[in-house]
Asks: 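Shown below is the structure under consideration.
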Amino acid sequence: MTDQRLGRRGVLRAGLLAALAGPVLVAAACTDTDTAATPDAMLPMLTSARKDAALATAAAKAFIDNAATFSVIATVRDQHATAIQKEITRVGGTLPSSGSAAPSADSNAEETPAGTEADTTDQLVSALRTAQSQAAALVPGVPRYRAGLVGSVSAGCASLLEALGK
């Protein structure tokens with residue numbers, strides 16, 4: 001009959017194997033092989049943030065009475081776009097080519113919003129509500145390290161809606 005007990009050397013070998021295998025298993029579990037094949041879930045957020053910033057920038061230039069409010073919206077949405085773009089780039093995602101992505105607020109700064117100030121405000125309110133719900137819906141499906149950013153964008157959009165009195 002053989003002795004079923006592990007000796008001191010057996011325990012040390014098992015510990016060494018576990019120590020060597022642990023990081024490999026963790027790295028394998030954290031690696032997403034489909035990342036390059038699927039578009040980043042945050043791309044729609046990036047596109048809408050850029051569009052909102054461009055519209056608010058144009059509104060600030062066109063409607064002087066509420067230029068300060070529109071400028072704040074443009075600044076915040078541009079900051080959202082920058083943060084989202086950095087996160088997409090950080091994880092190795094690819095950004096759409098400049099032809100398929102919405103232009104940045106700076107490139108649209110010379111545009112004039114179509115319609116009245118009320119129409120433009122309604123467009124911004126609709127865009128911000130969409131962006132807020134889009135981000136809120138995305139939070140449960142993203143990793144925890146991204147959920148903070150996505151949640152912040154949703155909360156920021158809610159705050160901007162308050163600034164517009166909506």
Side-chain angles (χ1 to χ4, degrees), residues 11-60 68-109 111 120-166:
V11 171
L12 289 174
R13 283 187 196 124
L16 180 62
L17 285 174
L20 293 174
V24 173
L25 293 174
V26 170
C30 293
T31 303
D32 186 6
T33 56
D34 294 334
T35 300
T38 59
D40 195 294
M42 293 176 74
L43 281 175
M45 289 177 53
L46 175 61
T47 301
S48 67
R50 287 176 174 170
K51 286 180 181 178
D52 296 351
L55 178 59
T57 298
T69 301
F70 291 131
S71 292
V72 168
I73 293 169
T75 300
V76 170
R77 291 302 280 154
D78 190 50
Q79 290 171 344
H80 288 168
T82 300
I84 294 165
Q85 182 173 339
K86 283 181 182 177
E87 174 57 18
I88 292 170
T89 304
R90 184 192 69 78
V91 297
T94 57
L95 297 171
S97 63
S98 59
S100 63
S104 69
D106 294 337
S107 65
N108 276 346
E111 287 185 19
T120 303
T121 300
D122 288 344
Q123 286 177 347
L124 273 172
V125 166
S126 176
L128 289 170
R129 281 188 180 142
T130 300
Q132 178 189 9
S133 62
Q134 177 186 46
L138 189 60
V139 168
V142 296
R144 282 187 282 173
Y145 64 88
R146 281 186 147 193
L149 172 60
V150 175
S152 294
V153 169
S154 180
C157 290
S159 296
L160 294 174
L161 285 166
E162 288 295 319
L164 288 171
K166 303 293 179 175

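On a predicted model such as this, the values are computed, not experimentally measured, just so you know. We count residues from 1, following the sequence as given. Just the heavy atoms: all of them, side chains too, but no hydrogens, waters or symmetry mates, feed the values below.
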Asks: For Ala56 and Ala74, which heavy atoms make the closest approach, and how far apart are they?
Replies: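 Residues Ala56 and Ala74, closest heavy atoms: CB-N, 3.5 Å.
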Asks: With rounding to the nearest 0.5 angstrom, report the NZ to CG distance, Lys51 to Leu46.
Replies: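 Going from NZ on Lys51 over to CG on Leu46, the span is 11.0 Å.
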Asks: Rounded to the nearest 0.5 Å, how far does CZ of Arg50 lie from OG1 of Thr82?
Replies: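 Atom-to-atom, Thr82:OG1 and Arg50:CZ are 8.5 Å apart.
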Asks: Answer whether the closest heavy-atom distance between the side chains of Leu128 and Leu164 falls below 4.5 Å.
Replies: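 Leu128 reaches Leu164 side chain to side chain.
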Asks: Between atom OG1 of Thr121 and atom CD1 of Ile73, what is the distance when rounded to the nearest 0.5 Å?
Replies: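 CD1 of Ile73 is found 8.0 Å from OG1 of Thr121.
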Asks: What's the shortest heavy-atom distance between His80 and Val153, and which atoms?
Replies: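 So the two residues come closest at CE1-O, 3.8 Å.
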Asks: Can you find a heavy atom in the side chain of Arg77 that is under 4.5 Å from one in the side chain of Cys157?
Replies: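 A side-chain contact exists here, since the closest heavy-atom pair is under 4.5 Å.
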Asks: Would you compute the distance between atom CG of Asp40 and atom CD of Gln85 and round it to the nearest 0.5 angstrom?
Replies: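 Asp40 CG to Gln85 CD: 11.5 Å, rounded to 0.5 Å.
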Asks: Determine yes or no for a side-chain-to-main-chain donor-acceptor pair under 3.5 angstrom, with Ser126 supplying the side chain and Asp122 the backbone.
Replies: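 No, Ser126 side chain to Asp122 backbone: no donor-acceptor pair under 3.5 Å.
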Asks: Roughly how far apart are Lys86 NZ and Ile84 CD1, rounded to 0.5 Å?
Replies: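 Atom-to-atom, Lys86:NZ and Ile84:CD1 are 12.5 Å apart.
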Asks: Measure across Thr69 and Ala163 and return the closest heavy-atom pair with its distance rounded to 0.1 Å.
Replies: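 That would be CG2-O, 4.1 Å.
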Asks: Would a distance-only check, ignoring hydrogens and angles, find a side-chain to backbone donor-acceptor pair under 3.5 Å from Thr47 to Leu43?
Replies: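 Answer holds: yes.
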Asks: Once rounded to the nearest 0.5 Å, what's the spacing between atom CZ of Arg90 and atom CZ of Arg146?
Replies: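 Interatomic distance, Arg90 CZ to Arg146 CZ, rounded to 0.5 Å: 7.0 Å.
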